[in-house]
Amino acid sequence: MPKFYITTSIPYVNGPPHIGHALEFVQADAIARWRRAQGDDVFFLTGTDEHGAKIARAAEAAGSDTRTFVDESSQHFRNLVKQLSITPDNMIRTSDKEHHWPGAVEMWKRITERGDMYKGVYKGLYCVGHEAFVTEKDLKDGICEDHGKAPEYIEEENYFFHLSEYAEEVKRQIEEGYLEIIPHTRANEVLAFLSAGVEDISFSRPAKDIPWGIPVPGDSSNTMYVWCDALSNYVSALGFGTSSDERMGTYWPCDIHLVGKDIARFHAVIWPAMLLSAGLPLPKKIFVHGHIHSGGRKMSKTLGNIIDPFSLIKTYGAEAVRYVLLGHVPLFSDADLTPDRIHELYTAHLANGVGNLLSRVSAMCLQYFDGHITRPADVLLASVPFKLDIDVLDARDRDLKVGSVTPEWFIHEKTIPRYQAAWEEYRLDSALQEVMQLFRQLDRYVQDYEPFKLIKTDREQAQAILWSLVSSLHHACRLLPFFLPETALAIAEVLGVPLNETDEIMHKRTVYTITKKEPLFPRVEK
RNA sequence: CGCGGGAUGGAGGAGCAGUACCUCGUCAGGCUCAUAACCUGAAGGCGCCGGUGCAAUUCCGGCUUCCGCAACCA
């Protein structure tokens, strides 16, 4: 059984989860569910990044001790994961001394043993108010705006990682495709960065500056800086550095890291360099998604355009949030979402689309056939094809005979191949759109034949149409569970079929027993 | 000249050399099985200026403009 290891980046818990975190969670979840269905032994990791000066300050501002603060903050992320029906196999916390620290420590030790860690002097502008280093861009006219003071120039002793040593090798691995970065434009960005020359980076901070973190092994005067601390989660979660590290052997190297474009560079440069130094294989793929904007602006508290995933879930349900994020956020570029847009997608595609289609089809089955739809003769099925002004056919299909395009044909020749092709390239949005496309065709199909009229004149043909509709819905719901697990289940329930039956059994099916169910996606008032 | 990515009908997205496609919205018809849902039709578009092509939204150059990143910012 092939293994498949997939990770999300670990959100920093100094604030509440936002829609961007939800995006990465659902993308990873859809991929994990898909790989499981393909028969892979999947390990899906997510977690939270809980160390550092910012957290310590946020805790102080909240008036609680740091431990309590991170316990509470990380719980919000766990809640989000739960509410979105995300299915991780592990949720690592960097403040977990038992499960995470050993891995980070082991990573540090290996890098040190390799001779890639040395003490150096870190120079920078230190803002007393921030209790942290600041950069030029944080300043206005040389003054820290938050505190109205000029930062001090100070030097301090840090551990440095010999990053420059590995720049060439990382570059080579990317160029030769061992470490694949998708989309390509991100790979180009990273390569350009590597070509420009890379300097060694500071890997620690004096413990007095970062009291909340992992002490440097053998030198408690320093605390690990974020790189070794946070990035190590991808191996610590597999037991790296502990006696029970069997999962390292099974799952490492990682098959795909999902990250946002803001941290792509860290994952494509620093992390691979660390792994090379530590003598571990590099991940195979880094998948870089864009950011979500709202109303053309970056989401920010001051603009008041933050989209809160919890309130969306409350209003529209988790399935709807998954739908919007997976189907209507372009995979690799930034997306723009507004509350209006989300409402529109929910109403048009889910309530009026899928939900209503299932209602009308099941209602007809129940009213006309008491819910029992038996498979008609093939010749009868062939007599109710999709009408051929279907603009979703490819150009080369234009000369097809009208009678050949049954819903069955369309699903097998168009929907499924396109759907699978999309998956091959991790085009989650395209794959989901193929399914939605099918639902739209079915709505049109109902109107084209009007089984609600036919039932009065030709009961047999009405049944053939309903059979086509029901079995098409059955196909569609089998393509859905990776994206909308609850919806797929609900549709299967109405159709009276198990979701996990094999293709073979499904194709032999000769009868459906439809039951009634409440609307899948009730209308929501704005 | 720091690096990179965009600019497609009212909105959001595909396409990327040969009648410009989808979703939403708008307008006009139709239908009644359905969650005042569904179907059909119509109006409306490739940022600007050059260049190379028989042909450019699609390739090249410039401009305008938006957005990331610019190393210790998760």
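Each chain gets a letter, A, B and so on, in the order the sequences are listed, and its residues count up from 1. Please read all numbers here as calculations on a predicted model, not as lab measurements.
- Residue contacts shown for Asp229(A) are absent, as no nucleic acid heavy atom lies under 4.0 Å away.
- Side-chain N/O atoms of Asp262(A) and His291(A) include a donor and acceptor closer than 3.5 Å.
- Comparing the same atom, C1', in rG6(B) and in rC46(B) gives a spacing of 14 Å after rounding to whole Å.
- Rounded to an integer number of Å, the gap from Tyr346(A) OH to rG25(B) P is 16 Å.
- rG18(B) and rU58(B) are spaced 11 Å apart, taking the C1' atom of each and rounding to whole Å.
- One C1' atom belongs to rA20(B), the other to rG13(B), and the distance between them is 14 Å to the nearest Å.
- No hydrogens or angles considered: nothing links the side chains of Ser362(A) and Lys517(A) as a donor-acceptor pair under 3.5 Å.
- Computed from coordinates, the Leu358(A) CG to rC33(B) C1' distance equals 13 Å when rounded to whole Å.
- Comparing the P positions of rG29(B) and rC33(B) gives a spacing of 22 Å, expressed to the nearest Å.
- Nucleotide rG25(B) holds its P atom 10 Å from the CZ atom of Arg341(A), rounded to whole Å.
- The side-chain contact (heavy atoms from CB on, under 4.5 Å) with Leu442(A) is formed by just one residue from the set Leu357(A), Val470(A), Leu358(A), Val354(A); it is Leu357(A).
- Mapping Val446(A) and Arg440(A) onto RNA chain B via the closest heavy atom, the residue that lands nearer the 5' end is Arg440(A).
- Atom-to-atom, CE of Met436(A) to C1' of rU23(B) comes out at 10 Å; the value is rounded to the nearest Å.
- Aromatic ring centres of His474(A) and Trp467(A) lie farther apart than the 6.0 Å criterion allows.
- For Lys261(A), taking side-chain heavy atoms from C-beta onward, the closest of the listed nucleotides rG68(B), rC24(B), rA34(B) is rG68(B).
- Within the 4.0 angstrom heavy-atom criterion, only backbone atoms of the sugar-phosphate kind lie near Ala348(A); the bases stay farther away.
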For RNA chain B, produce a single dot-bracket line, 5' to 3'. Pairs: Watson-Crick or G-U wobble, both distances under 3.5 Å. Symbols: ( ) within strand, [ ] crossing, | other strand, . unpaired.
.((((((..((((....[..)))).(((((.......)))))....(((((..]....))))))))))).....

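- Residue-level contact check: Ile270(A) touches neither bases nor backbone, having no heavy atom under 4.0 Å from any strand.
- Donor-acceptor pairing under 3.5 Å is recorded for the side chains of Thr46(A) and Thr8(A).
- Look at CD on Glu450(A): it is 11 Å from C1' on rC38(B), rounded to the nearest Å.
- No side-chain N or O of Glu199(A) forms a donor-acceptor pair with one of Ser164(A) less than 3.5 Å apart.
- Taking only side-chain nitrogens and oxygens, Lys453(A) never comes nearer than 4.0 Å to OP1 or OP2 of rC31(B).
- Residue contacts for His328(A): at a heavy-atom cut-off of 4.0 Å it reaches no nucleic acid atom on any strand shown.
- Side-chain rings of Phe203(A) and Tyr225(A) stay apart, their centers remaining 6.0 Å or farther from each other.
- One C1' atom belongs to rA11(B), the other to rU19(B), and the distance between them is 26 Å to the nearest Å.
- The nucleotide whose nearest atom lies closest to any side-chain atom of Phe521(A) is, among rC33(B), rG12(B), rU35(B), rU35(B).
- Put simply, CZ on Arg427(A) is 7 Å from P on rA14(B), counting in whole angstrom units.
- Taking only side-chain nitrogens and oxygens, Arg523(A) comes nearer than 4.0 Å to OP1 or OP2 of rA37(B).
- rU65(B) and rC24(B) have their P atoms separated by 36 Å, given to the nearest Å.
- Separating the CG atom of Leu473(A) from the C1' atom of rA34(B) is a distance of 13 Å, rounded to the nearest angstrom.
- In summary, Asp71(A) and Arg78(A) do not engage in a salt bridge, as defined by a charged side-chain N under 4.0 Å from a carboxylate O.
- Annotated as anti: rG13(B), whose glycosidic dihedral deviates from 0 by more than 90°.
- Nucleotide rG13(B) holds its P atom 20 Å from the CD atom of Glu434(A), rounded to whole Å.
- Atom name C1', nucleotides rC22(B) and rA14(B): the rounded distance is 7 Å, in whole Å.
- Using modelled atom types, one finds no donor on one side chain facing an acceptor on the other under 3.5 Å when comparing His162(A) with Tyr118(A).
- Taking the C1' atoms as reference points, rA71(B) lies 16 Å from rG4(B), given to the whole Å.
- Counting only heavy atoms from C-beta on, Asn356(A) has its side chain closest to rC38(B) among rC33(B), rC72(B), rC38(B).
- Listed nucleotides rC3(B), rC39(B), rA37(B) differ in distance to Asn352(A); the shortest reach to its side chain belongs to rA37(B).
- The 5' end of RNA chain B is approached more closely, in terms of each residue's nearest nucleotide, by Leu357(A) than by the other of Asp443(A) and Leu357(A).
- Side chain of Ile201(A), nearest nucleotide from rC33(B), rC72(B), rA37(B): rC72(B).
- Residue Val198(A) is in base contact, counting any heavy-atom pair closer than 4.0 Å across all strands shown.
- Heavy atoms of Arg265(A) sit under 4.0 angstrom from primed sugar atoms or phosphate atoms, though from no base atom.
- Proximity of Gln367(A) to the phosphate of rA34(B): a side-chain N or O atom is located under 4.0 Å from OP1 or OP2.
- In summary, the side chains of Asn14(A) and Arg57(A) do not present any donor paired with an acceptor at a separation below 3.5 Å, with no hydrogens or angles considered.
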